[in-house]
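Below: the structure, in structure tokens.
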Amino acid sequence: MTTAGDIMHRGAQWIPAHETLDRAAQLMRELNVGALPISDENERLCGILTDRDIVVGCVAMGHDPARVTAGEMAKGTPRWIDADADVGEVLREMGEHRIRRLPVIRDKRLVGMISEADLARHLAKDQIASWAQSVYATTAMH
């Protein structure tokens, strides 16, 4: 059985909720990533911050990224997967919630992230096609 831990990118890092968005952008540049899990004071997942969140939700709104915190940008219920979860569970979680990045947790600690690139490297073409359709398919507008 292939697990989330088998396909994840190891070495993911948190951005603490109290850190500013300019620091988050610097960390994204240093790590060469487009998203960071946000941790609360107990190092528990409280959201995910993307580069797009910083640009669209802060800069384009005229706010100063040196004054807005990662925690202020955290929205909704963060999704995550246990490192021992089967890859089918990973695909269901990402597909049902239409997400492209999924933090991987073991013993309540961040151990990695699963991204589209990780799926492409480790899964069969039919699995990727099915997942992509669930995440990117648009519903008909009436």
Testing the basics here: between [X] and [Y], what is the closest heavy-atom pair and its distance to 0.1 Å?
X	Y	value
Leu45	Trp80	CD2-CB, 3.7 Å
Gly57	Met61	O-CG, 3.6 Å
Ala74	Cys46	CB-O, 3.6 Å
Ala60	Val56	CB-O, 3.8 Å
Val135	Gly95	CG2-CA, 4.0 Å

Can you tell if the side chain of [X] reaches within under 4.5 Å of the side chain of [Y], non-hydrogen atoms only?
X	Y	result
Leu31	Gln13	yes
Leu91	Leu123	yes
Arg79	Ile48	no
Met8	Leu102	no
His9	Ile114	no
Glu89	Ile81	yes

Met1, CE: over 12 other non-hydrogen atoms inside 6.0 angstrom: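 Yes, CE of Met1 has more than 12 neighbouring heavy atoms, counting only those of other groups under 6.0 Å.
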
Common cluster, Leu110/Ile99, ILVMFWY with side-chain heavy-atom separation under 4.5 Å: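 Different clusters: Leu110 never reaches Ile99 through Ile, Leu, Val, Met, Phe, Trp or Tyr contacts under 4.5 Å.
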
Met113 reachable from Ile105 in the ILVMFWY side-chain graph, under 4.5 Å edges: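 Different clusters.
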
Separation of Met94 CE from Glu96 CD (nearest 0.5 Å):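 Spacing of CD (Glu96) from CE (Met94) equals 12.5 Å.
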
Nearest-0.5 Å distance, CZ of residue Arg92 to OG of residue Ser134: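 The CZ atom of Arg92 sits 11.5 Å away from the OG atom of Ser134.
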
Polar side-chain atom of Glu93 near backbone of Val90 as donor-acceptor pair, under 3.5 Å: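 No.
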
Check: Gly112 main-chain N/O paired with Arg10 side-chain donor or acceptor under 3.5 Å: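 Absent.
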
Name the atoms and distances for all side-chain donor-acceptor pairs under 3.5 Å in residues 14-23, with sequence neighbours left out.
unit_1: Thr20; atom_1: OG1; unit_2: Asp22; atom_2: OD1; d: 2.3
unit_1: Arg23; atom_1: NH1; unit_2: Glu30; atom_2: OE2; d: 3.3

Gln127-Ser130 side chain donor-acceptor pair, cut-off 3.5 Å: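 The criterion, which ignores hydrogens and geometry beyond distance, is not satisfied for Ser130 and Gln127.
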
Pairs flagged by side chain to side chain donor-acceptor pair (under 3.5 Å) wherever residues 103-117 is involved - sequence neighbours left out: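 Checked against side chain to side chain donor-acceptor pair (under 3.5 Å) - neighbours excluded - the pairs reaching residues 103-117 are Asp84-Arg106, Ser115-Asp118, Glu116-Tyr136.
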
Residue pair Ile7, Leu119: steps toward the side-chain contact (heavy atoms from CB on, under 4.5 Å) verdict: CA-CA 7 Å; Ile7 67 170; Leu119 297 179; 3.9 Å; yes

Worked check of side-chain contact (heavy atoms from CB on, under 4.5 Å) between Ile54 and Leu49: CA-CA 8 Å; Ile54 295 170; Leu49 178 68; 4.1 Å; yes

Asp86/Thr2 under side-chain contact (heavy atoms from CB on, under 4.5 Å): CA gap, chis, key distance, verdict: CA-CA 6 Å; Asp86 179 81; Thr2 302; 5.8 Å; no

Identify all side-chain donor-acceptor contacts of residues 33-42 below 3.5 Å with residues at least two apart in sequence or on another chain.
unit_1: Asp40; atom_1: OD1; unit_2: Asn42; atom_2: N; d: 2.8
unit_1: Asp40; atom_1: OD1; unit_2: Glu43; atom_2: N; d: 3.2
unit_1: Asp40; atom_1: OD1; unit_2: Arg44; atom_2: N; d: 2.9

